[in-house]
Participant: 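One structure is given below, represented as structure tokens, and several questions about it will come after.
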Amino acid sequence: MIERTAPSLNLRKTLLCGQCFRWREIAPDVFSGTVGNRHLTLTQQDLPRLRQDPFWCIYFDLNTDYETLRKQLSALHPNLNKAAQHGCGIHILRQEPWETLCSFIISQNNNIPRIQGIIDRLCGETEACSPAAFQNGPAVHPFPQPETLAALSETDLAPLRCGFRARYILDAARKVADGNVNLEALRTAPLAEARAVLMQITGVGPKVADCTLLYGLHRMDAFPVDVWMKRAMGQWFPGVDPVSFGSAAGLAQQYIFDWVRSGASEEEIPG
DNA sequence: GGCCAGGAAGATC
DNA sequence: GATCTTCATGGC
């Protein structure tokens with residue numbers, strides 16, 4: 001029996017690929033982040049041990065066979081094969097739906113450093129911590145609950161410096177808090193229905209909806225088909241219908257995005 | 001379809 | 001240094 005020494009998850013690729021915004025590389029190969037009311041600092045070497053922890057095992061999706069999914073996607077098209085090779089090691093994290101929805105509302109027309117800054121301020125990371133908070137180590141700053149945000153006003157959110165997105169955050173918080181949008185129910189709802197429910201929220205369009213479904217509800221069938229991605233699909237995957245990606249469509253799009261963002265060269269575009 | 005809504009980062013001058 | 005340009009957008 002050969003001991004499995006190389007887990008399918010690559011921490012850097014997974015945590016810094018733009019699917020989440022509360023992880024930082026605080027030193028070379030050392031990653032630190034907050035999930036729920038837990039704070040974790042780890043390196044790639046800590047992953048095998050993490051398998052024993054039910055919470056982190058679920059969060060990092062360690063029980064999904066990404067190697068098989070990656071092989072299935074690779075077989076669909078030569079360019080998807082390249083993208084999948086580049087994205088090898090990316091897991092789709094199982095993030096909290098509300099935090100994910102709110103984060104991707106903030107992400108629209110925005111860049112990652114600024115998104116991280118806004119979310120840090122939203123979570124109170126930049127507030128001065130009381131001395132008592134440090135008695136048992138650094139204070140953990142959970143993502144604010146929708147009920148908390150629902151009671152606030154745009155003026156209250158001004159210190160976040162999130163611009164026009166403030167009213168979108170408040171509308172989302174209120175619709176989730178009062179039950180108009182039941183995020184948990186979207187785990188099993190038909191994809192089209194789940195999208196429609198999310199798009200009732202002001203400031204949530206097709207892309208934010210699909211990102212919420214993929215990253216927040218682990219709907220691997222969700223595929224953000226915006227104009228940009230459609231163009232990339234048409235140019236780089238001629239004749240391939242995203243439907244053929246099936247239940248791994250979300251993973252495929254993450255591979256493609258990561259590949260494109262890395263500068264997957266124009267010369268690789270066929271024809 | 002065009003434009004506008006923060007602000008930060010990177011490119012360019 | 002100053003000045004563009006861009007940003008996984010959505011709404012009017």
Side-chain angles (χ1 to χ4, degrees), chain A residues 13-25 79-80 83-84 86-87 90 92-93 95 97 99-122 125-126 152-175 181 191 194-237 242 245 249-264 266 269:
Chain A
K13 287 187 189 176
T14 298
L15 296 177
L16 305 184
C17 71
Q19 64 170 312
C20 55
F21 302 101
R22 296 204 72 194
W23 288 92
R24 307 293 160 82
E25 188 169 15
N79 284 352
L80 187 52
H86 184 271
I90 292 179
I92 304 296
L93 299 169
Q95 303 182 65
E99 174 173 341
T100 308
L101 168 63
C102 201
S103 296
F104 278 91
I105 287 173
I106 291 167
S107 81
Q108 67 181 255
N109 188 33
N110 219 337
N111 53 61
I112 291 177
R114 184 159 180 251
I115 297 164
Q116 289 176 329
I118 292 170
I119 292 175
D120 277 355
R121 291 189 285 277
L122 180 60
E125 291 284 358
T126 53
L152 302 180
S153 66
E154 282 188 55
T155 308
D156 294 323
L157 296 190
L160 301 183
R161 307 203 304 277
C162 63
F164 57 90
R165 305 166 191 85
R167 56 183 278 259
Y168 301 165
I169 294 171
L170 292 179
D171 190 60
R174 287 166 188 158
K175 288 197 165 92
V181 171
L191 188 57
R195 283 181 174 133
V197 167
L198 286 171
M199 286 169 63
Q200 291 172 11
I201 298 166
T202 308
V204 175
K207 183 171 286 183
V208 172
D210 275 358
C211 286
T212 302
L213 290 170
L214 175 59
Y215 302 120
L217 293 150
H218 215 259
R219 290 287 299 251
M220 295 275 258
D221 52 343
F223 189 104
V225 275
D226 62 305
V227 172
W228 178 87
M229 185 60 77
K230 267 192 272 188
R231 193 172 63 235
M233 290 295 302
Q235 289 176 335
W236 296 0
F237 305 96
F245 295 175
L251 182 60
Q253 76 90 25
Q254 180 61 65
Y255 285 154
I256 295 166
F257 169 64
D258 202 56
W259 190 46
V260 171
R261 200 176 57 139
S262 76
E266 298 288 322
I269 301 172

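Excluded from the calculations below are hydrogen atoms, water molecules and symmetry mates; all remaining heavy atoms, backbone and side chain alike, are included. Note that the structure is a prediction, hence the values are computed from the model and not measured. Below, read A as the first sequence line, B as the second, and so on, with proteins coming before strands; counting in each chain starts at 1.
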Participant: Rounded to the Å, how far apart are A:I105 CD1 and B:dA5 C1'?
Facilitator: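 Rounded to the whole Å, the gap is 15 Å.
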Participant: Measuring from the side chain of A:F257 (C-beta onward, heavy atoms only), which nucleotide among C:dA8, C:dG10, B:dG6 has the closest atom?
Facilitator: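 Out of C:dA8, C:dG10, B:dG6, the nucleotide with an atom closest to A:F257's side chain is C:dA8.
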Participant: Under 4.0 Å between a side-chain N or O of A:R167 and OP1 or OP2 of C:dG11?
Facilitator: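 A:R167 to C:dG11 OP1/OP2: no side-chain N or O under 4.0 Å.
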Participant: Classify the nucleic acid contact of A:S107 as base, sugar-phosphate or nothing, counting any heavy atom under 4.0 Å across all strands shown.
Facilitator: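 Since no nucleic acid heavy atom lies under 4.0 Å of A:S107, the category is nothing.
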Participant: For A:L198 and C:dG10, give me the distance from atom CG to atom P, rounded to whole Å.
Facilitator: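 Distance, rounded to whole Å: 12 Å.
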Participant: Could you tell me if the ring centre of A:Y168 sits under 6.0 Å from that of A:F104?
Facilitator: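 Not close enough - the centres of the two rings lie 6.0 Å or further apart.
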Participant: Of A:G163 and A:P113, whose nearest nucleotide on DNA chain B comes first from the 5' end?
Facilitator: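 That would be A:G163.
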Participant: Between C:dA8 and B:dG1, how far apart are the two P atoms, rounded to whole Å?
Facilitator: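 Taking atom P in both C:dA8 and B:dG1, they lie 22 Å apart.
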Participant: More 5' along DNA chain C: A:T202 or A:C17, using each one's nearest nucleotide?
Facilitator: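 Checking each residue's closest nucleotide, the 5'-ward one belongs to A:C17.
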Participant: Whole angstroms only, please: what is the OH-P distance between A:Y168 and C:dG11?
Facilitator: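 Atom-to-atom, A:Y168 to C:dG11, this comes out as 6 Å.
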Participant: In this structure, which one of A:I119, A:D120, A:I106, A:L122 forms a side-chain contact (heavy atoms from CB on, under 4.5 Å) with A:L160?
Facilitator: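 It is A:L122; the other options fail the test.
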Participant: A:Q253 CD to C:dA8 P: how many Å, rounded?
Facilitator: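 Whole-Å distance recorded here is 13 Å.
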Participant: Give the rounded distance in Å between these two atoms: CG of A:L160 and P of B:dG6.
Facilitator: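 Those two atoms, CG and P, are 14 Å apart.
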Participant: Measure across A:L170 and A:E154 and return the closest heavy-atom pair with its distance rounded to 0.1 Å.
Facilitator: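 Minimum heavy-atom contact is CD1-N, 3.4 Å.
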Participant: Could you tell me whether the side chains of A:S153 and A:D156 share a donor-acceptor contact shorter than 3.5 Å?
Facilitator: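 A:D156 and A:S153 do have a side-chain donor-acceptor pair below 3.5 Å.
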Participant: Nearest-Å distance, CG (A:N110) to C1' (B:dG7)?
Facilitator: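 Atom CG in A:N110 sits about 8 Å away from atom C1' in B:dG7.
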Participant: Measure CZ/A:F164 against P/C:dT9 and give the value in whole Å, please.
Facilitator: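 From A:F164 CZ to C:dT9 P: 10 Å.
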Participant: Check if the side chain of A:N111 and the base of B:dA9 share a donor-acceptor pair of N or O atoms closer than 3.5 Å.
Facilitator: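 When only heavy-atom distances are counted, A:N111 does not reach the base of B:dA9 through any donor-acceptor pair under 3.5 Å.
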Participant: Return the minimal non-hydrogen interatomic distance between A:C17 and A:Q254, and the atom names on each side.
Facilitator: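 Heavy-atom minimum between the residues: SG-NE2, 3.7 Å.
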Participant: For A:R161 and for A:Q108, find the nucleotide of DNA chain B with the closest heavy atom, then tell me which residue's nucleotide is more 5'.
Facilitator: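 Closest to the 5' end, via its nearest nucleotide, is A:Q108.
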Participant: Round to a whole Å and report the spacing from CZ of A:R165 to P of C:dC7.
Facilitator: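 Distance check: A:R165 CZ to C:dC7 P gives 14 Å.
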Participant: When you match A:Y215 and A:G203 each to their closest nucleotide on DNA chain C, which lands nearer the 5' end?
Facilitator: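 The answer here is A:Y215.
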Participant: Pick base, sugar-phosphate or nothing for A:R114, based on heavy-atom distances below 4.0 Å to the nucleic acid.
Facilitator: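 Base contact.
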Participant: Looking across every strand, which nucleic acid part, if any, lies under 4.0 Å from A:Q116 by heavy atom: base, sugar-phosphate, or nothing?
Facilitator: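 Nothing, no nucleic acid heavy atom in range.
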Participant: For B:dA8 versus C:dG10, give the span between their P atoms, rounded off to a whole number of Å.
Facilitator: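 Nearest-Å result for B:dA8 against C:dG10 at atom P: 22 Å.
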